[in-house]
Number of protein chains: 2
Amino acid sequence: MYGCDTHTLRNKETVEEILVKAAKESRAKIVDVFFHQFKPYGVSGVVIIEESHFTIHTWPEHNFAAVDLFFCSKDVDVERAIEVLIEGFGVKNVSVVEVKRGVLPKSFPLREKEVLEAGVST
Amino acid sequence: MYGCDTHTLRNKETVEEILVKAAKESRAKIVDVFFHQFKPYGVSGVVIIEESHFTIHTWPEHNFAAVDLFFCSKDVDVERAIEVLIEGFGVKNVSVVEVKRGVLPKSFPLREKEVLEAGVST
């Protein structure tokens, strides 16, 4: 996200509020939230959701932030999350790249009992 | 990472230990570590590093885990991190995709004073 508002990117509370709002409005189910303030500025944060995670790293001096919206369910409304981010950070220009993850072959997953009883492979 | 050991993927402590080891051995500077155990199984975790983050999500029933190694410094030895992960999870097959992030134009970043004094853009 380019051309973001410097003041917003600098503030841990604001960055957290916007990313949490993006998660909520996309209907992701929030599990936990962790944010870290860097000195003299810059914020890193993660919202762990049942469907995987949202993360953000901000570079206020570049008016730039990088966000990952990682999810494994079609119920997550990623378009809405992006809207919230654009509005929240005053984004002037955004580049969105979709990366497909873990394209599994048509396989037969292990049953619950098998997973719970699995020992260490040797 | 495909064909991982089910038992290892299931165990929050083991997953955390391996991802933290990967971060340390890649010379990333660890800021904070958060892991979450899902029921009946599956682990999500994040290692926040000064250089950004490492995350993992495991699907023991598919012998699969998805890892992000997100870093903004050439000092992070990502090859070593991958080696640690492959060894730790007993990975049989791995797909590595490099995604360039935030390719900024040759710009003049704001000075520290400008960042610290920036108000909210209107």
Side-chain angles (χ1 to χ4, degrees), chain A residues 1-11 14 31-36 38 40-42 44-46 48-53 55 57 59-66 68 70 72 90 92 95 97 99-105 107-112 114-122, chain B residues 1-11 14 31-36 38 40-42 44-46 48-53 55-57 59-66 68 70 72 90 95 97 99-105 107-112 114-122:
Chain A
M1 305 189 304
Y2 302 89
C4 302
D5 181 68
T6 304
H7 183 85
T8 310
L9 291 183
R10 209 180 63 200
N11 189 307
T14 319
V31 171
D32 229 328
V33 175
F34 307 105
F35 279 73
H36 180 81
F38 285 97
Y41 36 73
S44 282
V46 57
I48 295 187
I49 57 178
E50 283 188 17
E51 301 83 358
S52 290
H53 71 254
T55 60
H57 304 284
W59 283 265
E61 71 278 28
H62 289 286
N63 302 99
F64 173 77
D68 288 357
F70 187 139
C72 59
K92 292 204 178 66
S95 161
V97 178
V99 182
K100 298 271 183 192
R101 303 295 296 268
V103 183
L104 292 162
S107 64
F108 302 95
L110 298 177
R111 293 176 195 168
E112 186 165 330
E114 291 173 299
V115 174
L116 295 175
E117 290 177 357
V120 184
S121 297
T122 50
Chain B
M1 305 189 303
Y2 301 89
C4 302
D5 181 67
T6 304
H7 183 85
T8 310
L9 292 181
R10 209 180 63 199
N11 189 306
T14 319
V31 171
D32 230 328
V33 175
F34 307 106
F35 279 75
H36 180 82
F38 286 97
Y41 37 73
S44 282
V46 57
I48 295 186
I49 57 178
E50 283 188 15
E51 300 84 359
S52 291
H53 71 253
T55 59
I56 188 164
H57 302 284
W59 283 265
E61 71 277 27
H62 288 286
N63 302 97
F64 173 76
D68 287 359
F70 187 139
C72 59
S95 161
V97 179
V99 182
K100 298 271 183 194
R101 303 296 295 270
V103 183
L104 293 161
S107 66
F108 302 96
L110 298 177
R111 292 175 195 168
E112 186 165 329
E114 292 174 299
V115 174
L116 294 175
E117 289 176 357
V120 182
S121 297
T122 49

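Residue numbers begin at 1 in each chain, while the letters A, B, ... track the order of the sequences.
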Can you name the nearest heavy-atom pair linking [X] to [Y], along with the distance?
X         : Y        : answer
Leu110(B) : Pro60(A) : CD1-O, 3.9 Å
Ala118(A) : His7(B)  : O-ND1, 2.9 Å
Val120(A) : Asp5(B)  : C-OD1, 3.6 Å

Cys72(A) and Trp59(B), any side-chain heavy atoms less than 4.5 Å apart: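 Side-chain contact under 4.5 Å: yes.
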pair Val97(B)-Lys100(A): side-chain heavy atoms closer than 4.5 Å: no
What part of [X] is in contact with chain A, defined as an atom under 4.5 angstrom from a non-hydrogen atom: side chain, backbone, both or neither?
X        : result
Glu50(B) : both
His57(B) : side chain
Thr55(B) : side chain
Ile49(B) : backbone
Asn11(B) : neither

For chain B, the option from Gly90(A), Gly42(A), Ser52(A) that forms the most heavy-atom pairs under 4.5 Å: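 Of the options given, most contacts go to Ser52(A).
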Closest-packed option against chain A by number of heavy-atom pairs under 4.5 Å, given Phe34(B), Phe38(B), Phe64(B):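 Most heavy-atom pairs under 4.5 Å with chain A: Phe34(B).
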Residue Leu116(A) versus chain B: region with a heavy atom under 4.5 Å: both
Inter-residue atom distance Asp68(B).CG - Phe70(A).CZ, 0.5 Å rounding: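 The CZ atom of Phe70(A) is 5.5 Å from CG of Asp68(B), to the nearest 0.5 Å.
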